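Working notes, beginning with the structure itself.
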Amino acid sequence: MAEKPEKVVEEREYEQGGNESSTARTAETLLRLLPLGLCIAALVIMLKDSQTNEYGSISYSDLGAFKYLVNVNGICAGYSLLTAVIVAVPRPCTMSWAWTFFLLDQLLTYAILAAGAVSAEVVYLAYKGDIAVTWSEACDSFGGFCRKATDSLIITFVVVACFAGLSLISSYRLFSKFDPPIAVDRPCDSKGGSCP
């Protein structure tokens with residue numbers, strides 16, 4: 001019994017599409033794993049960031065912005081691992097999964113961006129000070145602390161770039177594969193007037 005030509009063509013297209021989606025899935029999995037390592041590196045550098053000298057001692061836990069940075073890096077690392085595992089397992093892309101990835105990617109992109117921005121402000125003030133409020137430069141006295149904080153901050157902004165890329169991928173997947181919601185016609189009033 002010979003197979004119908006249409007069925008052979010459909011199977012061939014399915015196999016080719018499967019290879020393309022497998023390559024895309026592998027690339028996305030790797031892109032989702034990249035922030036995991038970077039977040040852990042930034043987190044460890046900041047956790048070990050403390051210095052004691054004749055002027056006193058300072059630690060990351062003394063500054064709320066750095067504590068927030070550590071917490072958000074930990075959350076983003078966990079999210080990266082979880083989503084990499086989910087993406088690595090082949091499954092059909094449903095609208096609910098696409099919306100979930102889109103919203104969570106956006107949320108964590110903004111969270112890590114906020115953590116990086118507020119920490120950058122603290123590092124800037126530590127290097128430059130603020131004469132108007134009589135805040136002196138701290139990095140002259142605590143140079144090692146400032147260097148580690150700057151290193152952690154640079155890694156965090158690389159994580160921001162990774163999450164921005166993931167946000168673009170998830171938004172492309174959502175808005176290219178699924179149609180926009182359909183508007184439902186509804187009467188606005190009993191006289192047939194137009195809706196506001």
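Position 1 is the first residue of the sequence, and the numbers go up from there. Nothing here was measured: the structure is a model prediction, and the numbers come from that model.
Linking Ile, Leu, Val, Met, Phe, Trp and Tyr residues whenever their side-chain heavy atoms come within less than 4.5 Å leaves I154 and L43 in two separate clusters. Hydrophobic clustering places L107 together with V159 (ILVMFWY residues linked when any side-chain heavy atoms are closer than 4.5 Å, directly or through intermediates). The hydrophobic cluster containing L166 does not contain W99, counting ILVMFWY residues as joined when their side-chain heavy atoms lie under 4.5 angstrom apart, directly or transitively.
Taking CH2 of W97 as the reference point, atom OG of S170 lies at 13.5 Å (rounded to 0.5 Å). Atom OH of Y79 sits about 12.5 Å away from atom CD1 of I75, to the nearest 0.5 Å. If you take CG on D105 and CG on L168, they are separated by 10.0 Å, rounding to the nearest 0.5 Å. We find the CG-OG1 distance between L36 and T83 to be 9.0 Å, quoted to the nearest 0.5 Å. In this structure, CG in L38 is found 9.0 Å from OG1 in T156, a value given to the nearest 0.5 Å. Atoms CD1 and SG, on I40 and C76 in that order, are 11.5 Å from each other to the nearest 0.5 Å.
Qualifying side chain to side chain donor-acceptor pair (under 3.5 Å) partners for Y60, counting only residues two or more places apart in sequence or in other chains: none. With sequence neighbours excluded, the residues that form a side-chain contact (heavy atoms from CB on, under 4.5 Å) with S141 are Y55. Partners of E28 according to the side chain to side chain donor-acceptor pair (under 3.5 Å) rule, which considers only residues two or more places apart in sequence or in another chain, are R32, R173. Considering only residues two or more places apart in sequence or on other chains, F163 meets the ring pair (Phe, Tyr, Trp, His ring centres under 6.0 Å) condition with none of them.
Side-chain contact, Y127 with D140: no donor N or O sits under 3.5 Å from an acceptor N or O.
Q51 places no side-chain N or O within donor-acceptor distance of the main-chain N or O of I58, the cut-off being under 3.5 Å. The main-chain N or O of K148 is never found under 3.5 Å from a side-chain atom of S152 such that the two would form a donor-acceptor pair.
Contact of the I169 side chain with the F101 side chain is not registered, since no non-hydrogen atoms from C-beta on lie closer than 4.5 Å. L33 places none of its side-chain heavy atoms less than 4.5 Å from the side chain of S80. Side-chain atoms of L108 and I112, non-hydrogen and from C-beta on, never get closer than 4.5 Å to each other. Counting heavy atoms from C-beta on, the side chains of L30 and L34 never come closer than 4.5 Å.
Here the closest heavy-atom approach between residue A111 and residue Y68 is recorded as O-OH, 3.6 Å. Of all heavy-atom pairs between M46 and A149, the closest is CE-CA, 4.0 Å. For K67 against S61, the heavy-atom pair with the smallest separation is CE-O, 3.5 Å.
In this structure, F175 places its CZ atom where more than 12 heavy-atom neighbours from other residues, nucleotides or ligands lie under 6.0 Å away.
Cysteine sulfur proximity is satisfied for C139 and C146, their SG distance being under 2.5 angstrom.
The aromatic rings of F145 and F66 sit tilted, their planes meeting at an angle between 30° and 60°.
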Considering only distance and modelled atom types, tabulate donor-acceptor pairs under 3.5 Å from the side chains of residues 115-126, sequence neighbours left out.
residue : atom : partner : partner atom : Å
S119    : OG   : A65     : O            : 3.3
S119    : OG   : A115    : O            : 2.9

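Listed by first and then second residue, the salt bridge (Lys or Arg N to Asp or Glu O under 4.0 Å) pairs that reach into residues 41-63 come to none, sequence neighbours excluded.
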